[in-house]
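Note sheet for the following structure.
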Amino acid sequence: MKPGAVRRYFTVVGVILVALIGLGVWLKPPLEKMREGVEQGLAEYARHHLEAGKTMPAVTHTDSRDWLVAVSHVAHVGDLTFYCYGGFKVTVCNLPEA
């Protein structure tokens, strides 16, 4: 490979990485909105999995972190722990094993 081709290759790769990071920062969900959405979603999850005669467990928050291009959140519903991650306007939570 010629030296000019290597330089062009690294320039193109660098531009793509900068564009992806910039897009990730721009589309990252705000931490407070993510926390509210996680609380609503987990409350609905608990409502669907509620056993007859039991009271609705509270959704409690343990830890929230704001990363460069994503946010993470740990929440508890009763004795279940959910780990949620959000980035590019999408939030995903794990389903704990019962």
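- Within 6.0 Å of OH on Tyr83 lie no more than 12 heavy atoms contributed by other residues, nucleotides or ligands.
- Atom NZ of Lys54 has 12 or fewer heavy atoms from other residues, nucleotides or ligands within 6.0 Å.
- The hydrophobic clustering, which links ILVMFWY residues whose side-chain heavy atoms are closer than 4.5 Å, places Met34 and Val92 apart.
- Criterion: ILVMFWY side-chain heavy atoms under 4.5 Å apart, direct or through other members. Under it, Leu17 and Val6 are part of a common hydrophobic cluster.
- Going from atom NZ of Lys33 over to atom OG1 of Thr91 covers 12.0 Å, rounded to the nearest 0.5 Å.
- A distance of 8.5 Å separates NE2 in His61 from CG in Leu42, rounded to the nearest 0.5 Å.
- With 3.5 Å as the limit, one finds a donor-acceptor pair spanning the side chains of Thr81 and His76.
- In terms of heavy atoms, Val77 sits closest to Pro57 at CG1-CG, 3.7 Å.
- Contact annotation: the side chain of Lys28 approaches that of Asp66 to within less than 4.5 Å [non-hydrogen atoms, C-beta and beyond].
- Hydrophobic clustering (ILVMFWY, side-chain heavy atoms < 4.5 Å, transitive): Leu31 and Val90 are in distinct clusters.
- Taking a cutoff of 4.0 Å between a charged side-chain nitrogen and a carboxylate oxygen, Glu44 and Arg47 qualify as a salt bridge.
- For the residue pair Tyr85 and Ser72, the shortest heavy atom distance occurs at CD2-CB, 3.7 Å.
- Between Leu23 and Phe88, the shortest heavy-atom distance links the atoms C-CE2, 4.0 Å.
- Leu80 and Val38 fall within a single hydrophobic cluster, where Ile, Leu, Val, Met, Phe, Trp and Tyr are joined by side-chain heavy atoms under 4.5 Å apart, directly or via other members.
- Counting heavy atoms from C-beta outward, Val59 and Glu39 have side chains that approach closer than 4.5 Å.
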